[in-house]
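For reference, positions follow the sequence shown, starting with 1. Note that the structure is a prediction, hence the values are computed from the model and not measured.
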Amino acid sequence: MNLTGLLKQLKRRLRSKKRWLTLGSLLLVAGIAAGIRLYAGSGISGDSATVPVQASASDRLRERPVVEMSREQEETLHAIANGVDERMVTMQKSFICGEETQQVGLMGKDDILKLSEEHPQWEITVHAGGDVRFIERIDDLSPKCKETAYFGIDKNGNLSLFEGVPGGDQVIRTFFQLNVEHLKSSLPQESIRQLYEGIRISDLADFNSVLSTFSDFAVEAVKERGEKPKI
């Protein structure tokens, strides 16, 4: 019975037997009950007391919930647990298009392992200098890409994602080589012109739609279908 329940029971007895108990005795009994509760929770046995020992980083790693992770991730976590006490930590958000990086600063290895335990889906790497990087992969476009990204054709005929309108070396990501002749013979001139000038995308739906449409004109896809350019 907890302390609250004990107090309620004593109050009921007090109401039924006012002549037997006084308010002072009620408080005394409650105090004794609290003392017993404190004694039982203190871990004291006989004349000796058990002093709790703070868990080490290795203990924390062993006691964390079992989650599926690669061997590389396991080795990284063990290296952190058995390594130096503090490391410089960086957070990276990796989007389908673009990324964002933020330096967190120095963190103790216990805090690093705790953060990894709270976010098991994040990748964790240790760089040559000992710095730790957490990587969160996000199935979306970065805020910057939503403002500046264009699909277009690079100088090698690849479908690419550009920062700004196509041209120069502002390529964010390259996807596949296009069969340009097949493309020109299959699509209206207006569509071809838009691709060369740049197709603006502002969200994941636009991204997937453009990528899906032009994947049919990838060199490998056309080769597999055995199609030839229309004359």
Side-chain angles (χ1 to χ4, degrees), residues 65 67-74 76 89-104 115-127 131-231:
V67 294
E68 185 176 351
M69 66 175 67
S70 67
R71 182 176 181 82
E72 182 180 359
Q73 290 288 284
E74 289 182 359
T76 299
V89 176
T90 301
M91 302 294 297
Q92 176 182 323
K93 291 183 178 181
S94 181
F95 298 85
I96 291 175
C97 165
E99 64 181 38
E100 295 179 349
T101 303
Q102 178 181 3
Q103 190 173 68
V104 178
L115 185 60
S116 174
E117 181 180 334
E118 292 173 349
H119 302 277
Q121 73 278 15
W122 291 359
E123 296 177 25
I124 181 170
T125 60
V126 177
H127 291 205
D131 293 354
V132 169
R133 179 177 294 256
F134 283 99
I135 303 174
E136 179 185 6
R137 301 200 179 276
I138 301 174
D139 190 25
D140 198 0
L141 310 183
S142 72
K144 184 177 181 180
C145 274
K146 289 179 179 180
E147 295 177 357
T148 63
Y150 286 78
F151 266 111
I153 299 179
D154 67 16
K155 59 185 178 182
N156 297 316
N158 298 308
L159 180 70
S160 299
L161 200 59
F162 293 81
E163 182 179 348
V165 294
D169 297 323
Q170 296 177 317
V171 176
I172 300 172
R173 184 176 174 184
T174 296
F175 294 92
F176 44 75
Q177 187 173 17
L178 290 166
N179 186 317
V180 178
E181 292 303 318
H182 185 71
L183 188 70
K184 290 180 177 180
S185 65
S186 302
L187 294 179
Q189 286 299 313
E190 177 63 19
S191 298
I192 303 299
R193 183 186 66 80
Q194 287 181 351
L195 183 59
Y196 274 94
E197 292 181 355
I199 300 174
R200 178 80 172 86
I201 60 169
S202 59
D203 55 36
L204 188 59
D206 290 344
F207 175 90
N208 288 331
S209 177
V210 174
L211 193 61
S212 175
T213 297
F214 288 100
S215 64
D216 290 339
F217 300 97
V219 169
E220 293 301 321
V222 173
K223 187 184 298 184
E224 288 178 3
R225 293 196 301 268
E227 296 181 5
K228 295 181 180 180
K230 298 177 183 178
I231 300 176

Could you list all the salt bridge (charged side-chain N to carboxylate O under 4.0 Å, His left out) pairs where at least one residue sits in residues 186-196, not counting sequence neighbours?
-> Glu190-Arg193, Arg193-Glu197
Taking the side chain as C-beta and beyond, is there a heavy-atom pair between Asn158 and Val171 under 4.5 Å?
-> no
Report yes if some heavy atom in the side chain of Arg137 is under 4.5 Å from a heavy atom in the side chain of Ile135; otherwise report no.
-> yes
Spacing of Ile201 atom CD1 and Asn208 atom CG [to the nearest 0.5 Å] = 9.0 Å
Value rounded to 0.5 Å, distance of OG1 in Thr174 from CG in Asn156 = 8.5 Å
Side chains of Gln121 and His119: does their closest heavy-atom pair fall under 4.5 Å?
-> yes
Report yes if the side chains of Leu161 and Phe175 come closer than 4.5 Å at any heavy-atom pair, otherwise no.
-> yes
Across all chains, not counting sequence neighbours, the side chain to side chain contact (heavy atoms under 4.5 Å, CB included) partners of Lys144 are Ser142, Thr148, Glu163
Any side-chain heavy atom of Tyr150 sitting closer than 4.5 Å to one from Pro166?
-> yes
For atom NZ of Lys146, decide whether the heavy atoms of other residues, nucleotides or ligands shown that lie under 6.0 angstrom number more than 12.
-> yes
Hey, what's the ring geometry for Phe134 with Trp122, parallel, tilted or perpendicular (30° and 60° as the breaks)?
-> perpendicular
Flag the pair Thr76 / Thr125 as yes when at least one side-chain heavy-atom distance between them is below 4.5 Å, and no otherwise.
-> no
Taking C-beta and beyond as the side chain, do Leu187 and Phe214 meet within less than 4.5 Å on heavy atoms?
-> yes
Atom CD of Glu100 with >12 non-hydrogen neighbours under 6.0 angstrom | yes
Between the OG atom in Ser185 and the CG atom in Asn179, the distance rounded to the nearest 0.5 Å is 7.5 Å
Heavy-atom check, side chain of Phe207 versus side chain of Asp140, under 4.5 Å | no
Pairwise distance CG(Leu159) to CZ(Phe217) - rounded to 0.5 angstrom | 11.5 Å
When rounded to the nearest 0.5 angstrom, what is the spacing between OG in Ser191 and OH in Tyr196?
-> 13.0 Å
Any donor and acceptor pair, going by atom type alone, linking the side chain of Ser186 with main-chain N or O of Leu183 inside 3.5 Å?
-> no
Polar contact flag, side-chain donor to acceptor under 3.5 angstrom, Asp206-Ser202 = yes
So how far is it from Asp131 CG to Gln103 CD, rounded to the nearest 0.5 Å?
-> 7.5 Å
In short, Phe95 meets Pro143 closest at the heavy-atom pair CZ-CD, 4.1 Å
For Val104 and Met91, the nearest pair of non-hydrogen atoms, with its separation, is CG2-CG, 3.2 Å
Of the non-hydrogen atoms in Leu141 and Cys97, which two are nearest, and what is the gap between them?
-> CD2-CB, 3.8 Å
Identify the two heavy atoms, one from Gln92 and one from Arg133, that lie closest to each other, and give their separation to 0.1 Å.
-> OE1-NH1, 2.7 Å
